Each structure stands twice: as structure tokens, then as C-alpha cells.
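Right, one structure below, let's go through it.
One-based numbering along the sequence shown. The structure presented is a predicted model; accordingly, all values stated were derived computationally and were not measured.
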Amino acid sequence: MESPELSFTLAYVVFSLCFVFTPNEFRSAGLTIQNVFSSWLGSEDVGFIQYHVRRTSITVLVHSALPLGYYMGMCIAAPEKNLGYIHQVSDSWRAFLLLSLCIQLTSWTLVIYWSRHHWHNHPISRALQAHIQPPHPGWGSVASSINTEFRRIDKFATGAPGARVIVTDSWVLKVTTYHVYMALQTECHVTVTESRQHQLTPDLASPAQILTLRVDSINPAVRPFDIRLLSTEYAELREKLHAPIRNSPNVVIHQTMSELFLETFRAQVDLNQPYTLPSGQEVEPCIGCMQVPANSKLVRLCQAEGRWFASRQDQQRPETWLSSRVPCPTCRAKFCILDISAVH
């Protein structure tokens, strides 16, 4: 039987990880910094920059308090250790308590330093100072410009709260747990550096391609940063982004659901037993385009191709495509993805 000390430790570690990285279940339950401290943070729509200055500051304080919270919780979970009496605890627990207090004290000192001169020393304020130029006489004017553009309904916004991407008329913004990265559109260029294919997940009802884009600014005071988004959102991003976008070699962007499905379809077919073409047998043209040789074969000797399979699915329910059955394009017999073999 597990001891109360071990049970509490495991539960607290899981809670801390979930509180820091915030899965959907915690967001639904309202266990987030934004929700718990909403009355103090104010409205993001009213003052975007001021909101995130407060949010990042309180996040540092709360996250740094987690080790101390563990010690206080152990005082209750394991009363036999007498952790409430510092002079009676072991050297290891005393060292842990001292470290926890130092972390908490350091975070308070840091936030107090940030808050001096109306938050002039905060990392977000320093990032704004890199953009002080006409017509903006100070970083407060730059903040007002971002606040105004964020309130407009035509901005591009995507991503989870801890990794949001926002593109306004003049700015490219990336909101993270502890910082807000920013670059002027007129001073930056964007490069698509990577693409990753993700299969079905609880968060996505269909296969997804995640693109990584690098934002570089000609302003030497602005650090480059990466943004990530779904390939299906790429077209909307390009409409809002006036900065030039370059593609790295070998990066293929699938912008439609059919393209994403074909990529997954081919990967699934490659897992099936391949069909070895007998010597001397000619390959018939693809039944879909009638222009190139067929590269797959059905168990019932009917040729099929991924686009035919995709075109016969319910377009409103892509999560069911791979498990569906469709009629053969020639003999009309029903087949599924397991019936398809790649021709070698």
C-alpha cells in the first residue's frame, strides 16, 4: 500500500505540471493564471500590453511558489515528519525549504524590479523600447499602437494560450507563458523552416500539419523568434501578413484537408503488404487521371488511388475517412484501406 507521502508527491507533481503547461482539462475547469487572477489582470481587449505585463509577472510569482507549496503540503500529508518544526527536520528537508524560500524571494525581488517606474524594466517593456522611432516617441506610444490594433476584429490569431500567434495590421506577436515577442511587419521577413505531420489526436479531429515559421527583423535590437500554426491556417496568415514569406528547401505545405488526408493515406498504405508486379505484366493507367501508371492495387484486382478514396468520404467528418469503405471505381465492390497494396 502506498504511503501518504508518496501519494501526495505524485499528485502534486502531476498537478504542478498540469498547472504550468495547462492541458485542455485544466482550462475547462478554470485552473489557469488568467482565470484565477482575472479580477487583477483586467481585460486583454482593453489593454493588451498592460494585461500581459501583469499576467507574466503573476505567473512568475505563482510558478516559483510551487516548491514552497509542496513543502507546506507535506506538513499536512506526512505529520510524522514534523516538517512544521524547522529545528527537528532532517538536513535534506531543511535544505529544500531554504531553496524554496530563496526561489520565492528571488521571484518577488525580480517582479518588484520590473514594476519600478511604471513597469519600465519589465521584459515586455524592454521589447517595446526596441521599437521607439517616429511616430512613436516612447515605449508607451508603441504599447498604445499594439493595444489599438489588437482590438480590431480583423486580426489573425491562433494557438493555445501559452503559444499564441497574433498578426495585426502592423505587428507580428507571439504570446508565451513568460514573454510577448513582437516584430514590426515593415521590418521583418518570415521563413517557413519546418513542417511536421501529426496523426489523429484528442485535440484535432483530423490529421494535421504543423508549420514552424522563423520571424527575423532587420532591427538588431529585436530577437528572432519562431511561430507555429496549422497548415490550414497558412493562407489566412498570408492574407494578413505583409512581410515577405520564404520557404526553406524540402518544406511542402498542405493547405487543404484533402492534401492532409492524402499524406496520411499514403503512410497507412505503406504499412500494408506490398504487391510485387509479376515479370512482364503491364501496369494500367491510374483510374483517377488516366495519365500515369497506377501505383497501388486492390485485393479484388481493382486499381484505386488516394484521391478517389478521399472524394467518396463525408467531407464534414474527416475523422472517419481512414476507417471508411468505398466502392471500387471500376467494379463497384466495397473496399477499405487495408485492401490497398503499393505496387513495387
Side-chain angles (χ1 to χ4, degrees), residues 32-64 106-190 213-227 229 237 240-244:
T32 63
I33 296 290
Q34 294 90 326
N35 187 70
V36 174
F37 298 94
S38 59
S39 59
W40 184 76
L41 293 176
S43 173
E44 184 184 40
D45 291 329
V46 173
F48 175 83
I49 293 296
Q50 291 78 4
Y51 175 88
H52 286 286
V53 165
R54 292 190 291 265
R55 179 191 62 82
T56 52
S57 300
I58 197 66
T59 298
V60 169
L61 294 177
V62 173
H63 288 180
S64 65
T106 301
S107 65
W108 275 100
T109 303
L110 180 63
V111 172
I112 292 173
Y113 170 73
W114 285 350
S115 65
R116 295 183 62 188
H117 307 296
H118 303 285
W119 300 96
H120 177 81
N121 298 319
H122 194 281
I124 295 178
S125 301
R126 292 187 178 276
L128 291 169
Q129 294 168 29
H131 298 284
I132 296 177
Q133 56 182 320
H136 304 300
W139 68 269
S141 177
V142 181
S144 297
S145 172
I146 295 177
N147 292 344
T148 300
E149 293 192 7
F150 181 80
R151 285 193 290 267
R152 297 172 183 168
I153 62 174
D154 62 341
K155 63 180 177 293
F156 172 82
T158 186
R164 292 174 64 200
V165 177
I166 302 167
V167 180
T168 67
D169 294 335
S170 305
W171 298 90
V172 180
L173 308 170
K174 177 186 177 181
V175 178
T176 65
T177 303
Y178 302 109
H179 192 50
V180 175
Y181 298 88
M182 58 194 72
L184 269 172
Q185 288 208 43
T186 56
E187 296 181 346
C188 72
H189 59 269
V190 181
L213 295 85
R214 184 76 165 176
V215 180
D216 294 282
S217 176
I218 61 175
N219 187 339
V222 178
R223 291 185 298 169
F225 56 92
D226 292 335
I227 60 177
L229 69 156
L237 171 71
K240 192 63 179 177
L241 192 63
H242 307 302

### Message
Determine whether Val190 and Val172 satisfy the following criterion, side-chain contact (heavy atoms from CB on, under 4.5 Å), listing intermediate values before the conclusion.
### Response
CA-CA 10 Å; Val190 181; Val172 180; 5.6 Å; no

### Query
Passes side-chain contact (heavy atoms from CB on, under 4.5 Å), Val53 versus Val180? Steps please.
CA-CA 9 Å; Val53 165; Val180 175; over 6 Å; no

### Task
Go through the steps to decide whether Gln185 and Thr168 satisfy the test side-chain contact (heavy atoms from CB on, under 4.5 Å), and finish with yes or no.
CA-CA 9 Å; Gln185 288 208 43; Thr168 67; 5.6 Å; no

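With hydrogens and angles left out, the side-chain atoms of Thr56 and His122 include a donor and acceptor closer than 3.5 Å.
Between Phe48 and Phe150, the ring-plane angle classifies as tilted under the 30° and 60° cut-offs.
Between Asn147 and Gly47, the shortest heavy-atom distance links the atoms OD1-C, 3.8 Å. Heavy atoms only, all atoms of each residue included: Ala183 and His131 are closest at CA-CE1, 4.1 Å. Taking every heavy atom of both residues into account, Lys155 and Arg152 meet most closely at NZ-O, 3.3 Å.
Separating the CG atom in Asp45 from the OH atom in Tyr51 is a distance of 9.5 Å, to the nearest 0.5 Å. Note that OG1 of Thr59 and CG of Leu41 are 8.0 Å apart. Values are rounded to the nearest 0.5 Å.
Between Pro244 and His189, the closest side-chain pair of non-hydrogen atoms falls below 4.5 Å. Side-chain contact between Thr177 and His63: present, with at least one pair of heavy atoms (C-beta onward) separated by less than 4.5 Å.
Using a 4.0 Å cut-off between charged nitrogen and carboxylate oxygen, Lys240 and Asp169 count as a salt-bridge pair.
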